[in-house]
Amino acid sequence: MGQLGNPQLNATIKKALLGGIAISVFAGAAIAQVAAPAAPLKLKTDYFGYAAGVSARTSYSDNINLARKGLEDDEIIFSTLLTGGAIYSTPRVTAMVLGDLDLSYLVDQGDLAVNQNIGATSTFTGLDNWIYFDLSGSTSRQLAGDNARFSGNINAGRSQRVNVHSYNASPYIFHQFADDSSLELRYRFSQVFVDGEQSLSSLFRGNSLNDSLTHEVIARYDTGRMNERLRMRFTAYGSDTTEDGVDIFPDFEYRQGSLSADAQFALTSNFALSGAVGYDELETNAATALFFNDDVLSGFFWRAGFTAQPGPRSSIRIEYGERYGDDFIDADARYQISERLMFSAAASRSFRTRAQSISTQYRTNQRQTLDFADRLREGDELSARSVIESANWYANSLNFGQAQTSGVSVTDNASAALTGTYGRTELSINGFYSDDNFGYRQIETIGGGLDLRRRMSRRLTGYGSVTYRYADTAFDPATCQANPLIFGFDTTDPLFDPVLSCNDLAADNGVTNTLIGRLGASYQIVENASVFVEASRTERFAPNPLLEYGETNILAGITLDF
């Protein structure tokens, strides 16, 4: 494993990992609270840090199936939560694995339930400044459809969730020349498996969630700082994506090729005009071709705006443009408001399957993983919390109400987050927006949350959160009647009526508003053991009363950390 380095440093990393995991676990899973680490990390050789914890818990739900009013069924649950993570870095290898595994037994139903949220990422250096290899993977439970039912209890509404397993492998050549220009040649293979055999989506009938596979090739040249004012990046990109149909569902396929040139022209030392021009060539096949016109998706695209660095701790890029037949905003911002308060935001437009959107998370994470280790090796002193910020990608991947569904969409995304630590108080505020056009249906989601933790005393910690998600799933019944297979209907059934079936499905869609509140406390009884209790309440409101439900969940237990 290489050198363990300074034992005090490893202890700090261990605490940081466990603290980050505690923050990131989905509502309903409680972990022992730890103090926010303050000691800086400084890497000169290798390092290895880890954290592990086990939690024995008992909970009660008054509506385990998230049924509408009058049909509720309560449940007692005994569970064990295993959580942990490890970070390993040498000049040749940097790897991180983080996650949690919940094993639950539902007494009345006599059912053993498994809930996982585990992610790993690694990057390998074969030859310095030449040959590299990235490898990542994840497994988690996500919603089966955008209107699927969910709550603050990870065991509630299990039929509304699916297991999502994915991996991503990417060998590449990267070389930085003496004049600061660079060349990258990369191949990326990514595959996502969606196991929905036992799931019942509120949007589809049966198992309508497809596996997705993508091959990508990228060639990129960056001029770097060879010109004092002008920096350019030239990119050639190609991909082939197939979403395999299951049962009666068809395949979704498309190929994409693009050429682009990005530029930044500095007007001052901290302000530059920025933008890009390029050309897309898309070829849709199978079911994708039924809903998207290649001529609309293909063609020239552009972005124009500015990039600024108002101060040493802030950066912002905002660009407006047109691509895939419509206008959009492409942006990212980061502002270290103070040593303890950070703001970040981003916006983008893409054309991809919902399953493959998971793979894009790896790209950012792998670069952050490598950059983090490089900054330490170069002598930077970073807080232990930077480990979490760089590694904890899965906390975002399991954001509030993330869903899997079949098809290819033109998607506009936007998100923002504000995180801070003030002495004994930790605060996190986040928001997101997504607009997905699948051609045969439109899905809009808006949401956000507030998470607050306060260390009341050396042993007592209180915490609470409020999260909200708005979803509007809409489609034209005429499109459903013309393409019933896409919507999950078996047309060979002698009782199948396209008009009646599509109208019934439309009634199960529409606008929903889900609100979850959580309040809890933990008490440290000995150095590595804490007891905790928390309560959560979930309410979903909708114009259609059949889509509404509510659930109260009480959770208590003991946690041991190592």
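As a basis for the values below, the full set of heavy atoms in this structure was taken, side chains included, without hydrogen atoms, waters or symmetry mates. A quick note: this is a predicted structure, and the numbers were derived from the prediction, not measured.
Ion pair D128/R92 flagged as a salt bridge, since at least one NZ, NE, NH1 or NH2 atom sits closer than 4.0 Å to an Asp/Glu carboxylate oxygen.
Geometric assessment of R441 against the ring of F475 yields a negative cation-pi assignment under the 6.0 Å and 45° thresholds.
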_Between R453 and D451, does the salt bridge (charged side-chain N to carboxylate O under 4.0 Å, His left out) criterion hold? Intermediate values first, please._
CA-CA 7 Å; R453 295 173 183 270; D451 192 292; 3.6 Å; yes

*Output, in order, the C-alpha distance, side-chain angles, deciding distance and verdict of side-chain contact (heavy atoms from CB on, under 4.5 Å) for F234 and L259.*
CA-CA 8 Å; F234 303 93; L259 296 173; over 6 Å; no

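Judged purely by distance below 3.5 Å, without hydrogens or angles, the side chains of Y221 and E184 never pair a donor atom with an acceptor atom. Side chain to side chain, E281 and Y279 meet the donor-acceptor criterion of an N or O pair below 3.5 Å. Using a 3.5 Å distance cut-off with no hydrogens or angles, the side chains of D327 and Y320 do pair a donor with an acceptor. Inspection of the T242 and D244 side chains reveals no N or O donor paired with an N or O acceptor under 3.5 Å.
The shortest distance between side-chain heavy atoms of V194 and V192 falls below 4.5 Å. Side-chain atoms of F328 and R323, non-hydrogen and from C-beta on, do get closer than 4.5 Å to each other. Counting heavy atoms from C-beta on, the side chains of E243 and E253 never come closer than 4.5 Å.
In the displayed structure, I329 atom CD1 is contacted under 6.0 Å by at most 12 heavy atoms of other residues, nucleotides or ligands.
Between D280 and L297, the closest heavy-atom pair is CB-O, 4.1 Å. Here the shortest heavy-atom pairing between F291 and G439 reads CB-CA, 3.8 Å. Taking both residues in full, the closest heavy atoms of Y237 and I218 are given as CD1-CG1, 3.6 Å, listed atom of the first, atom of the second, then distance.
A donor-acceptor pair under 3.5 Å is absent between the side-chain atoms of N430 and the main chain of L450, judged by distance alone. A donor-acceptor distance shorter than 3.5 angstrom exists from the side chain of T223 to the backbone of M232, with no hydrogens or angles considered. Of the possible donor and acceptor atoms, none in the side chain of S298 sits under 3.5 Å from a partner among the backbone N and O of D295.
Only one option out of Y132, F124, F189, Y187 pairs with Y172 in a ring pair (Phe, Tyr, Trp, His ring centres under 6.0 Å); it is Y132. In summary, of the residues considered (T445, D436, N147), a side chain to side chain donor-acceptor pair (under 3.5 Å) with T473 occurs for N147 alone. Among the candidates E319, R317, Q264, the single residue satisfying the side chain to side chain donor-acceptor pair (under 3.5 Å) test with S274 is E319. Of the options F351, F438, Y440, a ring pair (Phe, Tyr, Trp, His ring centres under 6.0 Å) to F292 is made by F351 and by none of the others.
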